Asks: 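Provided herewith is a single structure, encoded as structure tokens, for subsequent inquiry.
In what follows, chains are A, B, ... by sequence order, proteins preceding strands, each numbered from 1. Keep in mind that this is a model prediction, so the values were computed, not measured.
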Amino acid sequence: TYTYRFLIGALVKAGRIDEASECFKEMTASAGFTPDLPTYNILIDCLSGNGKVNEAYDLLTGMADKGVEPDVVSYNSLFDFLGKAGHIDDVHKLYKEMLASGISPNKVTCSILIEALGRAGRVDEASNLLLDMIKTSGVKMDVIVYNSMLNRLGKAGRLGQLRRLFEEMTQAGQQPDVVSYNIMVDALCKGDELQAAYRVFLDMKTSRCVPDVVTYNNLIHSFGKAGKVARANKIFRRMIRDGLSPDQISYNIIVNVMGKAGKSDQALTVLKDMKERRMIPD
RNA sequence: ACUCGUUUUGCC
């Protein structure tokens with residue numbers, strides 16, 4: 001059983017879904033083993049992640065007959081996929097099913113549901129869900145749950161609520177991390193508050209949450225988009241000076257910025273630099 | 001213990 005689990009896990013990591021699926025079938029059919037809960041969960045997660053929700057769902061509903069009760073992790077994988085695919089009603093239905101079978105949501109469920117509702121444009125419901133869960137469920141929220149909510153508020157352009165939650169999470173004992181700050185920077189940039197975003201960036205430099213590549217990418221993209229190409233370039237160079245290596249996304253951004261500004265010669269220079277860093281231009 | 005969740009670019 002453990003050998004099979006290890007093998008299935010390895011196949012999934014290597015992206016060889018069908019082989020993993022085969023291996024699972026072989027395990028149950030010919031070898032006569034009973035997969036354990038993590039084995040089921042690994043497979044459910046990879047099936048839903050690859051768009052095979054129906055197969056994942058069959059596995060979920062069928063496992064109890066095999067004597068393995070699904071847990072909250074099994075359900076979370078499906079919630080996540082359904083939410084990302086925009087099937088919010090199915091998420092609701094399945095969530096009710098889960099509660100009915102006596103399984104309680106955890107913090108991962110919370111962030112998945114918040115993201116799912118937010119993506120569907122139902123930010124208020126997401127916000128209520130979070131408050132409700134904090135009050136009634138006894139689930140200990142972590143920074144990721146708050147970040148999910150911050151992210152959805154930011155994407156919806158609700159800067160006021162975003163700032164408020166940023167304060168509140170600290171009071172709730174969850175210090176904002178780099179991701180929280182990056183969400184804030186992104187939201188301010190997209191809300192045309194570039195200067196405010198830049199101030200947050202400066203705050204970060206003196207705080208515990210030092211800006212990372214994502215922070216810089218955000219600013220470079222936004223300044224570039226606003227036509228401030230020189231400024232975008234400056235931030236790009238500053239990133240390197242601050243000891244961070246631009247990633248693939250950084251290069252895509254800076255090349256696009258310069259391309260749109262008609263500075264194709266500079267764009268080519270960057271591409272050359274990129275090759276020297278053994279990155280593949282796309 | 002192992003398995004699930006959060007941030008940035010690339011439509012035209």
Asks: A:Leu130 has an atom CG; how far is it from atom C1' of B:rG5, in whole Å?
Replies: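 So the CG-C1' distance, A:Leu130 to B:rG5, works out to 14 Å.
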Asks: Taking only the side-chain heavy atoms of A:Glu115 (C-beta and beyond), determine which of B:rU8, B:rU6, B:rC4 contains the nearest atom.
Replies: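 It is B:rU6.
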Asks: Can we say A:Lys84 and A:Asp80 salt-bridge, meaning some charged N sits less than 4.0 Å from an Asp/Glu carboxylate O?
Replies: yes
Asks: Base, sugar-phosphate or nothing for A:Lys260? Non-hydrogen atoms, less than 4.0 Å.
Replies: nothing
Asks: Closer than 4.0 Å, any side-chain N/O of A:Lys13 to the OP1 or OP2 of B:rU3?
Replies: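 Checking A:Lys13 against B:rU3: no side-chain N or O falls below 4.0 Å of OP1 or OP2.
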Asks: May I have the distance from A:Ile44 (atom CD1) to B:rC4 (atom P), rounded to whole angstrom?
Replies: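 Computing the A:Ile44:CD1 to B:rC4:P distance gives 12 Å.
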Asks: Rounded to whole angstroms, how far apart are CG on A:Asn256 and P on B:rC12?
Replies: 11 Å
Asks: Find the distance A:Ile254:CD1 to B:rU8:C1' and express it as a whole number of Å.
Replies: 14 Å
Asks: Can you tell if the side chain of A:Ile88 reaches within under 4.5 Å of the side chain of A:Arg119, non-hydrogen atoms only?
Replies: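 Answer no - side chains too far apart.
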Asks: Please determine, for the side chain of A:Asp45, which listed nucleotide (B:rA1, B:rC4, B:rU7) has the closest atom?
Replies: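 So the nucleotide nearest the side chain must be B:rC4.
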Asks: Measure CG/A:Leu117 against C1'/B:rG5 and give the value in whole Å, please.
Replies: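 Going from CG in A:Leu117 over to C1' in B:rG5 covers 14 Å.
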Asks: Has the side chain of A:Asn218 got a donor or acceptor that lies under 3.5 Å from a partner of the other kind on the base of B:rU8?
Replies: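 There is none.
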Asks: To the nearest Å, how far apart are A:Ile112 CD1 and B:rC4 P?
Replies: 11 Å
Asks: When we call it a touch if two heavy atoms are under 4.0 Å apart, what does A:Lys225 touch: a base, just sugar-phosphate, or nothing?
Replies: nothing
Asks: With A:Phe223, which residues qualify under ring-ring contact (aromatic ring centres under 6.0 Å, His included), at least two apart?
Replies: none
Asks: Which residue is it: A:Leu129, A:Ile112, A:Leu113, A:Leu99? I am looking for the one with a side chain to side chain contact (heavy atoms under 4.5 Å, CB included) to A:Pro105.
Replies: A:Leu99
Asks: Picking from B:rU8, B:rU3, B:rC4, which would you name as closest to the side chain of A:Asn41?
Replies: B:rU3
Asks: Where the side chain of A:Val179 is concerned, which of B:rU6, B:rU3, B:rU8 is the nearest nucleotide?
Replies: B:rU6
Asks: Base, sugar-phosphate, or nothing for A:Ile183, non-hydrogen atoms under 4.0 angstrom?
Replies: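 The answer is sugar-phosphate, as A:Ile183 gets under 4.0 Å only of primed atoms, P, OP1 or OP2.
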Asks: Base, sugar-phosphate, or nothing for A:Ile249, non-hydrogen atoms under 4.0 angstrom?
Replies: base
Asks: With side chains defined as the heavy atoms from C-beta onward, is the minimum distance between A:Met258 and A:Asn233 less than 4.5 Å?
Replies: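 Of all side-chain heavy-atom pairs linking A:Asn233 with A:Met258, at least one is under 4.5 Å.
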Asks: Tell me what A:Lys84 touches on the nucleic acid: a base, only sugar-phosphate, or nothing, going by heavy atoms under 4.0 Å.
Replies: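 Sugar-phosphate: the residue A:Lys84, judged by heavy atoms under 4.0 Å, touches backbone atoms but no base.
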Asks: So which nucleotide from B:rC2, B:rU8, B:rC4 ends up closest to the side chain of A:Asn76?
Replies: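 Nucleotide nearest to A:Asn76's side chain: B:rC4.
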Asks: Report yes or no: does A:Ser127 contribute a side-chain atom to a donor-acceptor pair with the main-chain N or O of A:Val123 at less than 3.5 Å?
Replies: no
Asks: What does A:Asp142 touch in the nucleic acid at a heavy-atom separation under 4.0 angstrom: a base, only the sugar-phosphate, or nothing?
Replies: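 Base contact - A:Asp142 has a heavy atom under 4.0 Å of at least one base atom.
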Asks: Report the nucleotide, chosen from B:rG5, B:rU3, B:rU9, that has the shortest atom-to-atom distance to any side-chain atom of A:His221.
Replies: B:rU9
Asks: With a 4.0 Å cut-off on heavy atoms, is A:Val145 in touch with a base, just the backbone sugar-phosphate, or nothing at all?
Replies: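 Base, at least one base atom sits under 4.0 Å.
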Asks: Rounded to whole Å, how long is the line connecting atom CG of A:Leu153 with atom C1' of B:rU7?
Replies: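 In whole Å, B:rU7 C1' lies 14 Å from A:Leu153 CG.
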Asks: Between B:rG5, B:rU9, B:rU7, which nucleotide has the shortest distance from any of its atoms to the side chain of A:Asp80?
Replies: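 So the nucleotide nearest the side chain must be B:rG5.
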Asks: In whole Å, what is the span from the CG atom of A:Leu165 to the C1' atom of B:rU6?
Replies: 13 Å
